[in-house]
Amino acid sequence: MQKYEFERGLAQKIASKIAELIKDEELTIMHVCGTHEVSIARYGLRHLLPKNLHVIMGPGCPVCITPQSEVDASIKLAEDGVTITTFGDLLKVPGRNTSLADVEGDVRMVQSIDKAVEIAEKVKNDVVFFAVGFETTAPSTAALLKRGAPENFFIIPSHRYIPPAMRWLLSQGDANIDGFILPGHVSTIIGVRPYREFSVPQVIAGFEPLDILYGLYMLVKQIKEGRCEVENAYTRAVREEGNPVAQKIMNEVFYPIDSEWRGFPLIEKSRMALREEYERFDALEHFQIKLESVKKETGCICEKVLRGLAVPDDCKLFAKKCTPQHPVGPCMVSFEGACRIWFKYGERIRE
Amino acid sequence: MCLAIPAKIVEIEGKDAVVDYGELKQKIRLDLLEDVKIGDYVLVHVGYAIQKLDEEEAKETLRILEELASLEE
């Protein structure tokens with residue numbers, strides 16, 4: 001398979017084509033994917049692009065948007081002696097008082113839900129998989145539950161859908177978004193169609209630096225030509241219809257319910273709840289855990305960062321009181337959180 | 001978290017498969033795809049193949065990029 005190595009020469013040429021297109025206009029483009037932000041910061045793409053093209057990150061980090069109430073539910077279960085398994089990124093995310101990393105209990109990092117089930121097969125006590133992630137990740141959870149799991153295995157169903165968050169952002173209009181770079185791997189699953197309801201220019205992009213620049217080029221061109229479409233710059237992995245097998249499995253196991261996101265109020269039909277046949281896997285039901293949101297003032301502006309209203313170095317705590325070793329907010333915890341990425345790669349816009 | 005890595009399918013047994021990333025091999029699941037063959041390139045995410053990669057499309061995108069870069073104003 002042809003590799004999309006970072007070819008600086010080609011990248012610079014594409015960036016200069018973008019500059020030719022945009023001229024003096026100020027444009028703000030939002031992407032909704034932590035993996036995109038990693039590539040943008042790691043390869044210094046903002047420095048290649050014209051200064052009047054503002055590329056901002058929206059709610060694209062699934063760990064960051066998992067609300068404190070769901071993190072607290074996992075902490076409570078760990079304290080009660082349940083084995084908690086989850087992706088490593090989630091361990092240090094602050095709940096109300098502590099995090100999974102600091103709790104007294106059996107908390108284990110896994111790389112897939114299958115590994116969590118392997119643990120459940122070996123131990124006698126109850127095992128809960130804290131299932132976070134967008135449409136990219138949810139089909140694996142659904143496939144596993146359909147295959148069946150031991151009686152001591154449960155999940156906290158925290159998977160979420162991306163389009164409802166975009167709908168919410170567009171209904172607010174406060175981020176002044178001229179266009180969206182759409183998440184390549186969410187789109188691998190859901191395809192092109194779900195985005196067509198949004199009357200805003202959109203381009204699906206892949207994750208190599210050239211993929212992102214190509215996506216930005218197509219998007220700026222679309223905006224300048226006054227079109228409003230969903231275009232695909234990641235055709236090697238994204239088909240019009242997405243992945244129908246994955247969609248079917250996901251829809252057989254989950255259905256959408258209204259839900260809170262960290263940084264957002266209730267977003268309609270945005271969380272994946274378990275359908276009746278799979279309800280027995282729901283850890284919140286089985287262990288009778290009530291989700292409770294508590295407002296805590298820390299000075300952290302993650303909520304604004306997640307909505308695209310601020311960038312990490314707008315925050316007074318960034319790289320001072322809030323670091324990856326001592327994160328105040330979730331965006332500094334996850335490898336895909338905007339603050340963590342900016343900290344790691346020294347990305348800054350403000351002096 | 002939506003990181004998905006391209007890999008080549010080298011073994012298949014039912015819905016279990018082994019992929020090769022170049023220097024590393026890994027067991028993965030094929031529940032989310034149909035008609036996967038040995039030699040196919042797939043995107044792997046949290047231990048599951050989520051899509052087949054289209055080599056022709058990959059080449060086409062690179063061709064477009066090179067053409068775009070060579071265009072004079």
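Protein chains get the first letters and strands the later ones, always in sequence-line order, with residue 1 at the start of each.
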**Prompt:** Would you call A/R147 and B/R29 a side-chain contact if the rule is heavy atoms closer than 4.5 Å?
**Reply:** yes
**Message:** Taking side chain as everything from C-beta outward and backbone as N, CA, C, O, which of these in A/V186 sits under 4.5 Å from a heavy atom of chain B? Side chain, backbone, both or neither.
**Reply:** side chain
**Request:** First locate atom CG of A/L210, then atom CG of B/L62, and finally report the distance between them rounded to the nearest 0.5 Å.
**Result:** 7.0 Å
**Message:** Between B/L43 and chain A, with a heavy-atom cut-off of 4.5 Å, which part of the residue counts as in contact: side chain, backbone, both or neither?
**Reply:** side chain
**Prompt:** Among A/F134, A/Y234, A/F87, A/F207, which residue forms the greatest number of heavy-atom pairs with chain B at distances under 4.5 Å?
**Reply:** A/F87
**Request:** Write down the atom of A/N243, the atom of B/L32, and the distance for their closest heavy-atom approach.
**Result:** ND2-O, 2.9 Å
**Request:** Assess whether atom NZ of A/K344 is packed by more than 12 heavy atoms of other residues, nucleotides or ligands within 6.0 Å.
**Result:** no
**Asked** Which pair of heavy atoms, one from B/L53 and one from A/A237, lies closest together, and at what distance?
**Response** CD2-CB, 3.8 Å
**Message:** Please classify the contact between A/T136 and chain B as side chain, backbone, both or neither, with a heavy-atom cut-off of under 4.5 Å.
**Reply:** both
**Request:** Check whether B/E66 gets within reach of chain A through its side chain, its backbone, both or neither, counting any heavy atom under 4.5 Å.
**Result:** both
**Item:** Whether A/K13 side chain and B/L68 backbone form a donor-acceptor pair below 3.5 Å
**Value:** no
**Item:** Proximal component of B/K8, with respect to chain A [non-hydrogen, under 4.5 Å]
**Value:** neither
**Message:** Can you tell me how far apart CG (B/L3) and OG1 (A/T137) are? Round to the nearest 0.5 Å.
**Reply:** 10.5 Å
**Prompt:** Should A/V245 and B/L33 be marked as a side-chain contact (heavy atoms from CB on, under 4.5 Å) after you check the CA-CA gap, both sets of side-chain angles, and the distance that decides it?
**Reply:** CA-CA 6 Å; A/V245 177; B/L33 286 178; over 6 Å; no
**Request:** Determine the minimum heavy-atom distance between B/A69 and A/L10, stating which atoms define it.
**Result:** CB-CD1, 3.3 Å
**Prompt:** Quick one: NE2 on B/H45 to OG on A/S112, what's the gap to the nearest 0.5 Å?
**Reply:** 10.5 Å
**Request:** Inspect the surroundings of OH in A/Y345 and state if more than 12 heavy atoms from other residues, nucleotides or ligands are less than 6.0 Å away.
**Result:** yes
**Request:** Tell me, out of A/A143, A/C33, A/S140, A/A233, who's got the most heavy-atom pairs with chain B below 4.5 Å.
**Result:** A/S140
**Prompt:** Taking all non-hydrogen atoms of both residues, which atom of B/T61 and which atom of A/T235 are closest, and how far apart?
**Reply:** OG1-OG1, 3.6 Å
**Prompt:** Is there side-chain contact between A/Y214 and B/I64, with at least one heavy-atom pair below 4.5 Å?
**Reply:** yes
**Message:** What part of A/P62 gets within 4.5 angstrom of chain B, counting heavy atoms only: side chain, backbone, both, or neither?
**Reply:** side chain
**Asked** Crowded around A/K248 NZ? As in, over 12 foreign heavy atoms under 6.0 Å?
**Response** no
**Fill in**
Bottom line for A/V63: the part with an atom under 4.5 Å from chain B's heavy atoms is side chain
**Message:** Please determine whether the number of non-hydrogen atoms from other residues, nucleotides or ligands lying under 6.0 Å from atom CD of A/E240 exceeds 12.
**Reply:** yes
**Request:** Verify the neighbour count for atom NZ of B/K15: are there more than 12 heavy atoms of other residues, nucleotides or ligands below 6.0 Å?
**Result:** yes
**Prompt:** Is any side-chain heavy atom of B/Y48 closer than 4.5 Å to a side-chain heavy atom of A/T141?
**Reply:** no
**Asked** A/R239 versus B/Q51: any side-chain heavy-atom pair under 4.5 Å?
**Response** yes
**B/V46 side chain near A/Q111 side chain, heavy-atom distance below 4.5 Å** = no
